Amino acid sequence: MKVVKFGGSSLASGEQFQKVLNIINADPTRKVIVTSAPGKRFAEDVKVTDLLIEYAQKTLEQQDTTEVIQQIWTRYQEIAAFFALEPQKFAFLHQELVDLPIAFNDEPEYLMAAFKAHGEKLCAQLLALILQEQGLPTRFLDPQDAGFLVSSAASDAQVLPETYQNLLKWREVPEILVVPGFYGVTTQGKIATFSRGGSDITGSIWARGIKADLYENFTDVNAIYSADPRIVAKPHPIKIMTYRELRELSYAGFSVFHDEALIPAIQGQVFINVKNTNHPELPGTMIVPEKDFHPKSTITGVASSNHFSALYLHKYLLNKETGFTLKLLELFYKFNISYEHMPSGIDDLTVIFDKRQFTEELREQMCSEIQKVIHPDQLEWIDDYAIIMVVGEGMRNKIGAMKNITTPLAKEHIAIHMINQGASRISIMLGTKKEDAANAVSQIYQQFFKGVAKS
Ligand code: ASP
């Protein structure tokens, strides 16, 4: 039994819906279908979710919503028209859309969540209708009825553990289940969504809950690639990789699959297959547990990410001073700041942060308090910091991987500001200047993949 999730671009138009239908029809073990909201049809297009956000904002500000409702409705109408669905059969969806302000007249954050969630809900209802019209026994299943329970954070919900038992009950129903991605219901019966792109998470939760053999994640790329195709021309597609390889690469910018979506699949040990809706005949990328995985190459991928800042602190005899790090961590806690890494030397310490947490003001306040409380001899804030992740299960048993990483960088005069190798030995993290990051990725990629045949 398979759980199959289709992303926004896979459901963006009637033509795309047709491909989805073909995929569902091609394999009777595709049992649970998870939908995103219709995404972009072309580069400048607007995702339905973003239109719904606009609709919610206008509702909250008591502005006219006629135009945005029409824009949203046109997206669904066009899909229905492609399948020549009779208007009265799907008119209830229009009513649902228009009635959102009445049905969810709630605190602003829950109103926003409920509006956003309807991109996937209307899409799932429409897909179920089209499948039924084509004679396939299908059932639309609302998260409320499914028992898909989540925590109360309106736009960053987490699944509640009882959801898994609730979902298992649906394993035996004879119909194909079409379920909306991206949201669940709180124990108070309110709609709460996952973070953006969260339909991947829904699919993974269903796959674990229903004990699926495979979680197929259909998107618009042929595979996950060994490097970002915007940096490296025609990089190697990854045939197979482990959960933790993907976790490490997602951390540094691989964004094909939502990083939070890995967790339920890992807990349930469900294999994930990322595939292309436009080329379902291609094998895509399989993501599997570490156990029994035999790496064929030294590295699986290399990625870079620029949203980091570093705080450099220098103090003589830092290694002898007790409580230095403790005081520093207390200050991070006070300012509600999490840190990513903290490589240290005898007299210095660098702390790397996700800089999206900071406003200019918050950073200044925090740095001035650090100066006051722990009196470093030098405090420097480095804003143009990038992290490069070189990842591969194959590095564990390979001596000399580091040489192959540093040699091409030295040739290009790229300075390495930090090196960090985790105990798992499957990843090496480098800190470089932001302007060197893309070149560093490209050089490391060439070093490991040049001459390797794309199988
Ligand atoms: N539609 C939601 C978004 O645009 C969730 C998803 O597509 O996975 O973020």
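Predicted model only: the values in this text are computed from it and were never measured. Whatever order the structure lists ligands and atoms in, that order sets their numbers, starting from 1.
When heavy-atom distances to ligand 1 are checked against 4.0 Å, the residues falling inside are Ser36, Ala37, Thr49, Glu120, Phe182, Arg196, Gly197, Gly198, Ser199, ordered by chain and number.
Using the six-membered ring where Trp is involved, Tyr339 and Phe332 have ring planes that are tilted, between 30° and 60° apart.
Judged by the 6.0 Å distance and 45° axis criteria, Lys190 is positioned over the aromatic ring of Tyr110.
Less than 6.0 angstrom separates the ring centroid of Phe104 from the ring centroid of His118.
Here the closest non-hydrogen pair linking Ala438 and Ile231 is O-CG2, 3.4 Å.
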Go through Lys40 and Asp220 one step at a time and tell me if the salt bridge (charged side-chain N to carboxylate O under 4.0 Å, His left out) criterion holds. CA-CA 11 Å; Lys40 292 187 182 193; Asp220 52 10; over 6 Å; no
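Taken from CZ in Arg171 to NZ in Lys211, the straight-line distance is 8.5 Å, to the nearest 0.5 Å.
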